[in-house]
Amino acid sequence: MTEEFQAKALAGELGPRVGVVVVDVQNDFADPTGALAVPGAEEIIEPINALVDAATSSGASVFYTQDWHPSRTPHFDNEGGPWPVHCVAGSWGAELHPRLRLAGPVVRKGTGMEDGYSGFTVRDLEAGEDKPTELDAELRTRGVDRLIVVGLALDVCVKATALDAARLGYRTGVLISCSRPIAAEPAEVARVVDEMVAAGVEARY
Ligand SMILES: [Zn+2]
């Protein structure tokens, strides 16, 4: 099935109560020279654009998430965190990929000293608690109750966003063909998909 056909096939399921959440298609993740480049990430940009076009013409809402960190944060490995420096606010790496079609609001995450994986919540590492972003309120204001989550990376921020969406009561699907994992091992990717499915997320290919 070609990606364009897939977007058309999905179009019948789109509409004003649907939200498409495009997760972290930023240079540091999507460009091959980015700080945390996800293998094959540029392959999903045109399929996502096709989905965005279909969504927009159906009246669906499209939101984008953007990792947006301070230059020093416990999220980074130079401060004891798990990740190399990436998506520093205002840097090239933090910009959305230039070929990504922008058709809705951008929700920034990890903007303070928090970890930011899900588009819905960030984790305050000092207080040890999760805080909501504006995404849930914005979707509810628009009457959205069904979500399609795509973007980067499948096994990190896409997963976190989809799990939060299901927990918040949205009927949630992840479109695997419009996402790419950091993990190289197929068994690891399969485990991540299983984890999402077990939480009530629909995995679409
Ligand atoms: Zn980050």
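We use all heavy atoms of the structure for the numbers below, so side chains are in, but hydrogens, waters and symmetry mates are not. Start at 1 with the first residue, then count along the sequence. As the structure is a prediction and not an experimental result, all values here were calculated from the model. In each ligand, atom 1 is the first atom listed, and ligand 1 is the first ligand listed.
- Checked against salt bridge (Lys or Arg N to Asp or Glu O under 4.0 Å), Glu202 has the following partners two or more places apart in sequence or in another chain: Arg146, Arg204.
- Listed by chain and number, Asp67 OD2, His69 NE2, His75 NE2, His86 NE2 are the protein N/O/S atoms closer than 2.8 Å to the Zn ion (ligand 1), with waters left out.
- Annotation: side-chain hydrogen bond (donor to acceptor under 3.5 Å, both in side chains) contacts involving residues 150-161, sequence neighbours excluded, comprise Lys159-Glu195.
- Listed for the Lys109 side chain is a donor-acceptor partner under 3.5 Å among the backbone atoms of Tyr117.
- Not counting sequence neighbours, Phe63 has no partner by the ring-ring contact (aromatic ring centres under 6.0 Å, His included) test.
- No hydrogens or angles considered: a donor-acceptor pair under 3.5 Å links the side chains of Glu42 and His97.
- Between Phe29 and Val23 there is no side-chain heavy-atom pair separated by less than 4.5 Å.
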